[in-house]
2 protein chains.
Amino acid sequence: MNRVEYRRRILEANDAEARVLRERFDEGGVLVVDVVSSPGSGKTTLLEATARALPSALRLGCVVGDIATEMDADRLRAAGMPSHQIVTGGACHLDARLVSDGIEEAGFDTPEDVLPLDVLFLENVGNLVCPASYDLGEDVKVTLLSVTEGHDKPFKYPAIFARAGITIFTKTDLLPYVDFDVELAREQVLALNPSAKVLELSVKEGKGIDTWCALLQEMLDGKRLMEAIA
Amino acid sequence: MNRVEYRRRILEANDAEARVLRERFDEGGVLVVDVVSSPGSGKTTLLEATARALPSALRLGCVVGDIATEMDADRLRAAGMPSHQIVTGGACHLDARLVSDGIEEAGFDTPEDVLPLDVLFLENVGNLVCPASYDLGEDVKVTLLSVTEGHDKPFKYPAIFARAGITIFTKTDLLPYVDFDVELAREQVLALNPSAKVLELSVKEGKGIDTWCALLQEMLDGKRLMEAIA
């Protein structure tokens, strides 16, 4: 079996596990958001701010993938979001099996196998490459691009931006100090995925959080409506 | 064959190819530098500045790994560094075979199979995870960490910082605007690799380039001296 064939089998197995996860998430009416970016683009910071900004009536949870440390889940728990860290060891991305195991370990489960959550965030490993290939049963992939990384990144890492329903340019408070052309970056994202939503956000300045949270609420309402109709 | 076993075989095959590359680089007295970082930490920008700052008598070359575009090699050629881009497709890291192929395609080769170069840079794919596992026959791995990414990154991506002989904190011009504790980051790097050299650098302000270029020259001189003695 060569490398391409091996990779195809891995991805097929993942897709099968992701289908099971998606059915389960759909039955429970849980909105699932896979958050992807390079290391240090602000995934944990965004999720901390999200936990603080969303209505407290919403039941939130997070499964966090990290190579080696528990630091991110500690930060999210401190922000009031029940979180479970998966230390992936060598793995440079979350896969559906890791998510499934993470949910069990987190104790989100009720005996009836329904997640008692409204929104489940999956904070992926810091990597713009491999997470693009792995379906985690999510409703939407959200890709963060810090303005310090440069506006050329969507075309350089096209798969993840093409698959992201939402792209968020983060750390916009640093725009005065870096060469980042927001319109050029936005054009690249929309060329790769014409239906993508593109947001600008700075946690430091509190900008864009409201828009992001409104979008989450809208997606959750839409999912619940679909469920009620079905 | 399970996933762990498969991965072990891939890495063993890579190590064998890397040994062949290393012998060839050593015979030719070529200093080989593998440059690794997250997307957008400034690999290409550093190499552009390096090409402009090193003595013009030095023969430089670069093999650039990228998922999808040719943009980096174009920038390096414009800075005077002969460069060949390998578009890796899905691969999230360079491996020894890709480097070997890249060298052939680049036409660095003379009929005698000796690379007519003093320093060969390998600009890896933007990724802090997988490049740590792949020996490319290099003399040194250099890991860049942009100060915008946060000082917690060495412990979060320990393998690549442990394996880097040199870690460079880049974009230090942005230090006044971000929460990056240089000493804390340095301590983490040195805890992972006590013999690592840690540099601070800003291409925008022209800081640290001289120290970096002096270090390259020193490594090249050291390699040539070893060769003369052997």
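Letters A, B, ... are given to chains in the order of the sequence lines, protein chains preceding strands, and every chain is numbered from 1.
The candidate from L145(B), D173(B), L174(B) with the greatest count of non-hydrogen atom pairs under 4.5 Å with chain A is L174(B). Between chain A and the residues G40(B), A68(B), S146(B), S41(B), the most heavy-atom pairs under 4.5 angstrom are made by G40(B). Ranking G42(B), S133(B), C130(B), G126(B) against chain A, the residue ahead of the rest is G126(B), based on heavy-atom pairs under 4.5 Å. Taking chain B as the reference chain and counting heavy-atom pairs below 4.5 Å, the highest number among A159(A), A91(A), P39(A) is found for P39(A).
Put simply, the side chain of M71(B) reaches to within 4.5 Å of the side chain of D152(A), judged on heavy atoms.
Atom NZ of K171(B) and atom OH of Y177(A) lie 15.5 Å apart (nearest 0.5 Å). Between D66(B) atom CG and Y157(A) atom OH the span is 5.5 Å, to the nearest 0.5 Å.
Looking at S38(B) and S38(A), their side chains never bring a donor and an acceptor atom within 3.5 Å of each other.
For K204(B), the NZ atom is densely surrounded, since the number of other residues' heavy atoms within 6.0 Å is greater than 12. Heavy-atom contacts from other residues, nucleotides or ligands closer than 6.0 Å to CZ of R97(B) number 12 or fewer.
Considering every non-hydrogen atom in both P158(A) and I67(B), the closest pair reads CD-CG2, 4.5 Å.
For T148(B), the parts lying under 4.5 angstrom from a heavy atom of chain A are both the backbone and the side chain. Only the side chain of K153(A) has a heavy atom closer than 4.5 Å to any heavy atom of chain B. For V87(B), no part lies near chain A; criterion is any non-hydrogen pair under 4.5 Å.
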Item to complete: List the steps and the verdict of side-chain contact (heavy atoms from CB on, under 4.5 Å) for K156(A) and V125(B).
Response: CA-CA 10 Å; K156(A) 293 185 77 173; V125(B) 178; over 6 Å; no
